[in-house]
**Q** 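Pasting a structure here, questions to come.
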Amino acid sequence: MHEYLNYKFEDTADFISTFDEMPLWSASFGLLLFKHLKLAPNLKVLDIGSGAGFPLLELAQRLGTSSTCYGLDPWVNANKRANQKIRNYGITNASIIEGSADNIPFADSSIDLIVSNLGINNFEQPDKVFAECYRVLKPGGRLALTTNLNGHWQEFYDVFADTLVQTGNAKLLSNLTSHQEHRGNVKSISQQFSNAGFSLIVRHADEFKMDFLDGTAFLNHNFIKLGWLASWKALIPENMIKSFFPILEENLNKLAAKSGTLSLTVPMAYIQAEKQ
Ligand SMILES: C[S@@+](CC[C@H](N)C(=O)[O-])C[C@H]1O[C@@H](n2cnc3c(N)ncnc32)[C@H](O)[C@@H]1O
């Protein structure tokens, strides 16, 4: 009882290494998730694609110990990090399972709430994952996800398309279009929920802007290199990469010079549904 009264902050390197780690990108979507997700007591919760522990560990703490939370992710090093946070924060109601949401290691009708921040819609087989979520949820159970939508970084992709044309590569525009369309919109994602049998679909769309001084700052940003650059390089032939990207960067810088910054739009959505 009142265990928190015994808490003593220990300023160790191990603790601090997990204190300030939260990608701003994930946080932007996480804020949308927590804005719309209704909390309740005594839940068995699953976070799909929990990565380094978000939103799993925040949710476990906000729900408190009447609920038990599990994170499911195949990424070994991210799971290690999540476990380190569980130890450092003293969380007793969360644990990590290494595995894929294509094959959720829980019995039918055993989970009350599934969440996924920037997860399911990025997976290779989202339809299989939606079906698995439906299987493991109890009747009345909820699946709530946040995702970026088709149209994110639109200003960047417009310059990318112009640069393809400018460099005589208009034939590659269809690669760019399918890359952009790979990301769903609210309607197509709602349809994935319905196809899996879900009903009572709740949708909240929103957007935010990310400003960079210019294209050079954007392309050199750690998160852009980590999360996006490989997929953009794959849109053009290997032997053109070294000549194409400097022109793209210059065009982004010209756009930024017009208004003082490169301002990019990120549309996003919270979508939640129930198994009835
Ligand atoms: C964009 S990250 C989001 C991580 C975290 N939820 C966040 O908000 O920062 C997507 C995560 O999904 C995981 N993932 C990819 N395929 C998966 C699958 N089939 N089942 C479960 N997780 C998967 C990745 O390993 C990664 O941790």
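Both counts, for ligands and for their atoms, begin at 1 and track the order of listing. Numbers here are sequence positions counted from 1. What you see below is based on every heavy atom in this structure, not just the backbone, and it leaves out hydrogens, waters and symmetry mates.
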**Q** Can you report which non-hydrogen protein atom sits closest to atom 19 (N) of ligand 1, along with the distance?
**A**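 Here the nearest protein heavy atom works out to Ser100 OG, 3.0 Å.
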
**Q** Without hydrogens or angle criteria, can the side chains of Asn195 and Gln191 be said to hold a donor-acceptor pair below 3.5 Å?
**A**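 Their side chains do contain a donor-acceptor pair, which is all the 3.5 Å distance test asks for.
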
**Q** Which residue supplies the protein heavy atom nearest to atom 14 (N) of ligand 1, what is that atom called, and how far is it?
**A**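 Checked against all protein heavy atoms, atom 14 (N) of ligand 1 sits closest to Phe123 CE2, 3.3 Å.
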
**Q** Establish, from distance only, whether the side-chain atoms of Thr265 and Lys209 form a donor-acceptor pair under 3.5 Å.
**A**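 Yes.
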
**Q** Determine, considering heavy atoms only, which of Pro74, Pro55, Ala78 sits nearest to atom 21 (C) of ligand 1.
**A** Pro74

**Q** Using a 3.5 Å cut-off on N or O atoms only, is Asn117 in polar contact with ligand 1?
**A** yes

**Q** Ignoring hydrogens and geometry, is there a side-chain-to-backbone donor-acceptor pair from Asp127 to Gln192 under 3.5 Å?
**A**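 Here the side-chain-to-backbone pair does not exist.
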
**Q** Atom 5 (C) of ligand 1: which protein heavy atom is closest, and how many Å away?
**A** Phe54 O, 3.2 Å

**Q** What protein heavy atom sits nearest atom 4 (C) of ligand 1, and how far away is it?
**A** Gly49 O, 3.4 Å

**Q** Can you report which non-hydrogen protein atom sits closest to atom 20 (N) of ligand 1, along with the distance?
**A** Ala101 N, 2.9 Å

**Q** In the protein, what heavy atom is nearest to atom 13 (C) of ligand 1, and what distance, to one decimal place, separates them?
**A**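 Among all protein heavy atoms, the one nearest atom 13 (C) of ligand 1 is Asp73 OD2, 3.2 Å.
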
**Q** Return the residue, atom name and 0.1 Å-rounded distance of the protein heavy atom closest to atom 9 (O) of ligand 1.
**A** Ser26 OG, 2.7 Å

**Q** Can you tell me the protein heavy atom closest to atom 1 (C) of ligand 1 and the distance?
**A**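 Checking every protein heavy atom, the shortest distance to atom 1 (C) of ligand 1 gives Leu118 O, 3.3 Å.
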
**Q** So, Ser194 side chain and Ser190 main chain: donor-acceptor pair closer than 3.5 Å or not?
**A** yes

**Q** Atoms of ligand 1 less than 4.0 Å from Gly51 heavy atoms?
**A** 27 (O)

**Q** Ignoring hydrogens and geometry beyond distance, is a side-chain donor-acceptor pair present between Asn42 and Ser67 at under 3.5 Å?
**A**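 No donor-acceptor contact under 3.5 Å links the two side chains.
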
**Q** Of the backbone atoms (N, CA, C, O) and the side-chain heavy atoms from C-beta on, which set of Leu72 has a member under 4.0 Å from an atom of ligand 1: side chain, backbone, both, or neither?
**A** backbone

**Q** Cluster question for you: counting only ILVMFWY and a side-chain heavy-atom cut-off of under 4.5 Å, with indirect links fine, are Trp25 and Leu229 together?
**A**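 Same cluster.
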
**Q** If you measure only the distance, is there a donor-acceptor pair under 3.5 Å linking the side chains of Gln84 and Arg81?
**A**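 Side chains of Gln84 and Arg81: pair found under 3.5 Å.
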
**Q** Before you tell me yes or no, could you show the steps for Tyr157 and His152 under side chain to side chain contact (heavy atoms under 4.5 Å, CB included), namely the whole-Å CA-CA distance, both residues' side-chain angles and the distance that decides it to 0.1 Å?
**A** CA-CA 9 Å; Tyr157 284 114; His152 72 267; 3.9 Å; yes

**Q** Without hydrogens or angle criteria, can the side chains of Asp162 and Asn251 be said to hold a donor-acceptor pair below 3.5 Å?
**A**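 Asn251 and Asp162 do not have a side-chain donor-acceptor pair below 3.5 Å.
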
**Q** Using a plain distance cutoff, I'd like to know if Asn122 has any nitrogen or oxygen under 3.5 Å from a nitrogen or oxygen of ligand 1.
**A** no

